[in-house]
Amino acid sequence: MSAGVVRLEVVTDSAKPTLMVVDGHSLAYRAFFALPVENFTTKDNQHTNAIYGFLSMLVNLIKAEQPTHLAIAFDTSRHSFRTDEYPEYKATRSETPSEFRGQIPLLQDCLAAMSIPVLTKEGIEADDILATLAAQGSAQGFDVLVVSGDRDTIQLVNDQVTLLYPNVQGVSQLKRYDPVAVQERYGVRPEQYPDIAALVGETSDNLPGVPKVGEKTAVKWLTQFGTLDELLERSGEIKGVVGGNLRDHIEDVRRNRKLNRLLQDVELPLGPTDLETRPIDAQAVRDIFARLEFRTLLPRVFEAVGEDAPEEEHVATVALPDVAELAAEGLATWLKAATGDVAVEVTTAGGLPQRVGLAHGDDLVELSWSPQVQAALADWLASDAPKIFHDAKSQVKALHTAGMRVGGLAYDTNLAGWLLRPSYPDKTLADLVDRYLGEKLPEADPTQLVPETEGASPAQLAWFTARVATSLRTDVPESVDRVLREIELPTLITLADMELAGVAVSHEILSGFSQELGERAGRIAEESFAIIEREVNLGSPKQLQEVLFEQLELPKTRKTKTGYSTDAAVLADLQESHPHPFLDLLLQHREATKLRQIIESLDTAIRADHRIHTTYVQTGSQTGRLSSTDPNLQNIPVRTEESRRIRSAFQVGERYETLLTADYSQIEMRIMAHLSGDEGLIEAFNSGEDLHRFVGARVFGVEPEEVSSAMRTKVKAMSYGLVYGLSAFGLSKQLRIEQSEAKQLMMEYFARFGAVRDYLRASVLAAKEVGYTETIFGRRRPFPDLVSPNRVLRENAERAALNAPIQGSAADIMKIALFRIHSDLLDEGLASRVLLQIHDELVVEVAPGEWDATERIVRDRMGGAAELSVPLDVQVGRGGDWNEAAH
DNA sequence: CAAAACACGTA
DNA sequence: CGTACGTGTTTTGG
């Protein structure tokens with residue numbers, strides 16, 4: 001016996017062997033619904049929830065029941081002798097999701113590795129195989145355990161045969177049915193159960209029964225008449241409506257009974273004695289579990305068969321290559337010899353480089369930062385020599401700060417990991433090492449002052465990064481790899497410079513405004529306390545609920561998890577139906593304190609250079625957008641006149657002349673026009689007419705100049721809502737109109753712009769097929785939930801999938817424009833620089849005398865970032881502060 | 001003390 | 001029952 005093979009030995013107390021036969025299909029299907037798919041998806045998007053759930057249950061069963069003989073039966077297809085007989089059989093069942101079907105072959109691979117026989121037969125259902133084996137087994141003196149989620153198997157139960165049937169939820173709990181338990185639960189002997197089922201019918205199999213007859217009536221009749229035949233014979237004796245129903249449906253009952261009888265004489269290649277449990281192939285199990293990313297299941301499998309888990313590869317003992325400490329002199333030679341990819345890890349301190357680790361294959365070197373090292377490194381770093389990083393941006397920033405440019409950025413494992421799985425937060429290199437190498441990155445225990453375990457050194461981190469990159473490169477599809485190389489990596493360099501530049505913000509303006517708002521909030525609070533004659537914390541939804549719904553006895557609003565909502569929309573509704581001075585004051589208080597809070601957080605973020613340096617998280621969204629943190633500069637208020645005073649505090653910096661803002665107008669609608677090819681919408685953008693006026697004219701059948709502002713508001717909401725998968729319900733709510741009117745509006749809209757609806761439908765359908773959406777440039781976003789049996793999950797996924805290519809393409813376009821602008825400004829030797837990106841807007845700081853050149857670059861690059869069937873319209877503004885520049 | 005819930009700002 | 005984000009406050013739960 002080879003070292004990796006373990007005997008599956010079974011010890012039972014009784015001399016009688018135990019045969020366990022399992023309906024693989026029905027139990028895996030239950031597991032599929034019971035386990036959330038998001039927790040069971042591998043890195044290449046293979047769903048494993050059904051496999052995991054089934055194996056988990058099986059392992060528990062083997063452990064508990066200790067069968068000496070074991071087999072799993074599967075259906076081959078929907079088609080069977082029953083569908084031949086009665087084509088409507090199971091016809092109402094919705095198609096099995098492809099995500100489930102795809103798991104069956106893999107599950108069978110697992111079973112093969114575990115040396116468990118899998119039985120199937122063309123035209124025969126799994127339950128017939130179970131029935132046959134159960135009959136043969138009990139005849140041959142086995143104790144038989146039938147495991148199935150199909151109620152028809154109840155008929156198999158007798159003194160030798162016990163059924164294990166899953167409880168309503170999931171597969172973790174199995175209920176044991178022996179003849180006594182069946183009698184208790186159903187009121188009849190097991191062999192009579194099919195008679196009951198024939199009378200009652202089986203909705204899930206599309207077998208209608210006798211109307212108005214449920215379990216209770218069926219049991220009563222059978223007890224009364226003894227057998228089904230007798231009952232049907234003497235159906236005339238049954239009185240009333242049900243008696244008539246029975247007589248009218250006798251043929252249905254006979255058919256049902258015929259179909260639900262399980263075959264006990266199927267010809268099978270293996271009989272019970274052939275199913276003796278055999279040694280499992282430890283290596284094969286390990287391999288397939290690794291592929292399915294099952295970690296906890298492996299030891300459980302071995303435990304269940306009474307063996308210790310075989311030695312795991314001790315990841316911690318994977319030998320790390322030695323690291324050579326280099327001095328500046330040795331570096332040039334080393335770099336010259338290192339052809340091809342070199343992985344780099346720069347540790348930083350105080351925003352400057354500290355140590356540098358380099359990995360070229362297993363050749364690892366490290367250096368401490370010094371002017372000599374910098375001099376020896378600079379040319380290579382700026383050159384096209386390919387370099388691989390994990391999360392390059394922070395390292396690039398430190399290098400830029402030290403006065404070095406980074407060229408040849410060939411790969412970033414952080415970005416690649418995100419592009420492959422944008423919804424999974426593989427934040428750190430350690431996460432990726434675990435996921436893609438199956439190893440553990442040595443990390444120092446941060447809780448220990450003097451760590452017992454040494455963390456990986458910079459060169460070793462670079463070594464891991466290079467190996468993760470190799471693995472990722474085999475996983476990342478070509479189109480996604482292009483997004484990485486042609487969009488994300490150039491964007492990374494640009495973002496590094498934007499973050500370093502920061503934006504000048506006036507503390508004076510902010511603190512003055514903050515004080516003003518603070519005083520106002522105080523006054524409002526006082527006033528509102530006077531009205532309700534007590535003091536509450538206006539920031540506490542819980543206390544507000546007391547005041548609003550108990551003290552003031554206002555009508556209860558939208559429910560939340562913990563009570564009733566007090567959000568602004570709800571308060572505005574309340575104010576309309578039940579005007580109360582407290583409501584108005586509360587809204588004003590919210591507004592003032594919210595603004596003040598934003599101002600305060602901005603103020604504390606101003607650094608010594610009088611500028612705010614946000615951090616753009618390039619992997620921060622699932623669609624391809626950037627996000628901004630510490631502080632978030634992408635949600636600075638703009639909607640009200642007063643809130644725009646905050647934007648006035650964002651000012652042109654010293655030695656610069658003015659701010660330039662540039663934004664895409666209606667970029668998402670333009671992308672919709674392009675993707676859908678809708679001629680009306682394309683014409684709208686080419687006509688030069690105001691978009692919503694044009695659309696309004698078409699929808700309402702009037703001349704553009706006759707479009708009223710109410711009409712314009714409606715089509716505008718409709719147009720924007722489209723991009724988000726808005727429903728008639730949502731539209732009616734937003735516009736405060738009747739649902740019927742909203743429905744009508746949507747009808748009219750699609751009557752004129754039908755290609756838009758066609759595109760949106762086709763796009764979601766295509767995503768359902770392939771499992772992901774794709775932007776114009778090839779960025780992908782997986783959507784496993786599109787085939788979820790859970791309606792809420794599925795519909796959420798549908799809306800997100802509808803939006804993803806549109807929002808994502810817009811993000812791609814903006815990124816392309818952004819790095820090209822950045823690169824043009826540098827190439828032309830201009831000092832002007834991009835400071836902020838707010839999804840469809842850029843803020844640029846323009847140096848004296850550079851306005852014309854900068855504006856030209858910005859307009860050209862934004863307008864020319866993509867060739868669509870409609871023009872990309874760019875609005876440019878100029879001013880000394882952000883608010884002024886926006887006009 | 002950390003996490004959840006709520007509310008609200010932007011595109 | 002409208003997509004994508006981040007942040008602050010209060011409340012909750014261990």
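Numbered from 1 within each chain, the chains take letters A, B, ... in sequence-line order. In this text the structure is predicted, and so the values were computed from the model without any measurement. The basis for the numbers below is simple: all heavy atoms, side chains too, and nothing from hydrogens, waters or symmetry mates.
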* Regarding A:E546 and A:Q551, is there a side-chain donor-to-acceptor distance under 3.5 Å anywhere? -> no
* Answer with yes or no whether the side chains of A:Q875 and A:D873 bring together a donor and an acceptor at under 3.5 Å. => yes
* Are A:H674 and A:Y759 close enough that their ring centres sit under 6.0 Å apart? -> no
Give every pair of a protein N or O atom and an N or O atom of nucleotides 11-14 of chain C that lie under 3.5 Å apart, one pair per line with the distance.
from: C:dT11; atom 1: OP1; to: A:S540; atom 2: OG; distance (Å): 2.4

* To do: Answer with yes or no whether the side chains of A:E841 and A:W882 bring together a donor and an acceptor at under 3.5 Å.
  => yes
* **Residue-level proximity of residues 710-733 of chain A to DNA chain B when a heavy atom falls under 4.0 Å** => none
* Asked: Going by atom types only, do A:S565 and A:T557 share a side-chain donor-acceptor pair under 3.5 Å?
  -> no
* **Rounded distance in Å - CD1 (A:I636) to P (C:dC5)** => 19 Å
* Asked: Can a donor-acceptor pair be found between the side chains of A:Y749 and A:S719 at a distance below 3.5 Å?
  -> yes
* Regarding A:T428 and A:D431, is there a side-chain donor-to-acceptor distance under 3.5 Å anywhere? -> yes
* Structure fact -> Rounded to whole Å, the CG-P distance (A:L544 to C:dT9) equals 16 Å
* **Sole residue of A:L500, A:I606, A:L835 in side chain to side chain contact (heavy atoms under 4.5 Å, CB included) with A:R611** => A:L835
* Salt bridge or not for A:R520 and A:E642, using N-O below 4.0 Å? -> yes
* Please check if any side-chain donor atom of A:E748 sits under 3.5 Å from a side-chain acceptor atom of A:Q744, or the reverse. => yes
* Specify the residues of residues 615-630 of chain A, ordered by number, for which at least one heavy atom lies under 4.0 angstrom from an atom of DNA chain C. => A:G620, A:S621, A:Q622, A:T623, A:R625, A:S627, A:S628, A:T629, A:D630
* Asked: Are A:R421 and A:Y424 in a cation-pi contact, defined as NZ or CZ under 6.0 Å from the six-membered ring centre and within 45° of the axis?
  -> yes
* Do A:R644 and A:V638 have side chains that get closer than 4.5 Å, going by heavy atoms? -> yes
* Are a donor atom and an acceptor atom from the side chains of A:T566 and A:R590 found within less than 3.5 Å of each other? -> yes
* Structure fact -> Under a 4.0 Å heavy-atom cutoff, the residues of residues 583-605 of chain A touching DNA chain C are A:Q597, A:S601
* To do: Would you jot down, in residue-number order, the residues of residues 794-813 of chain A having a non-hydrogen atom under 4.0 Å from DNA chain C?
  => A:R799, A:A800, A:N803, A:Q807
* Considering residues at least two apart in sequence or located in another chain, which fulfil the side-chain hydrogen bond (donor to acceptor under 3.5 Å, both in side chains) criterion with A:T773? -> none
* Using whole Å, report how far CE of A:M669 lies from C1' of C:dT3. => 15 Å
Show me the side-chain donor-acceptor pairs of residues 507-516 of chain A shorter than 3.5 Å, one per line, residues at least two apart or across chains.
from: A:H507; atom 1: ND1; to: A:D603; atom 2: OD1; distance (Å): 2.6
from: A:H507; atom 1: ND1; to: A:D603; atom 2: OD2; distance (Å): 3.2
from: A:S511; atom 1: OG; to: A:H507; atom 2: O; distance (Å): 3.1
from: A:S511; atom 1: OG; to: A:E508; atom 2: O; distance (Å): 3.3
from: A:S514; atom 1: OG; to: A:R596; atom 2: NE; distance (Å): 3.4
from: A:S514; atom 1: OG; to: A:E600; atom 2: OE2; distance (Å): 2.5
from: A:E516; atom 1: OE1; to: A:R645; atom 2: NH2; distance (Å): 3.1
from: A:E516; atom 1: OE2; to: A:R645; atom 2: NH1; distance (Å): 3.2

* Asked: First and last nucleotide of DNA chain B touching chain A, 5' to 3', heavy-atom cut-off 4.0 Å?
  -> B:dA5 to B:dA11
* Structure fact -> Rounded to the nearest 0.5 Å, the CG atom of A:D840 sits from the CD1 atom of A:I813 at a distance of 11.5 Å
* Structure fact -> Whole-Å distance, A:H839 NE2 to C:dC5 P, equals 10 Å
* Asked: Rounding to a whole Å, what distance do you find between A:D840:CG and C:dC5:C1'?
  -> 14 Å
* To do: Assess whether atom NZ of A:K733 is packed by more than 12 heavy atoms of other residues, nucleotides or ligands within 6.0 Å.
  => no
* Asked: With a non-hydrogen cut-off below 4.0 angstrom, is A:S643 in contact with a base, only sugar-phosphate, or nothing?
  -> nothing
* Asked: Quick one: side-chain hydrogen bond (donor to acceptor under 3.5 Å, both in side chains) partners of A:R693, sequence neighbours excluded?
  -> none
* Structure fact -> Under a 4.0 Å heavy-atom cutoff, the residues of residues 510-526 of chain A touching DNA chain B are none
* ring-ring contact (aromatic ring centres under 6.0 Å, His included) with A:F529: which residues, sequence neighbours excluded? -> none
* Does a donor on one side chain sit under 3.5 Å from an acceptor on the other, for A:S479 and A:E774? -> yes
* Positions of residues 739-778 of chain A (non-hydrogen atom under 4.0 Å from DNA chain C), listed by number -> none
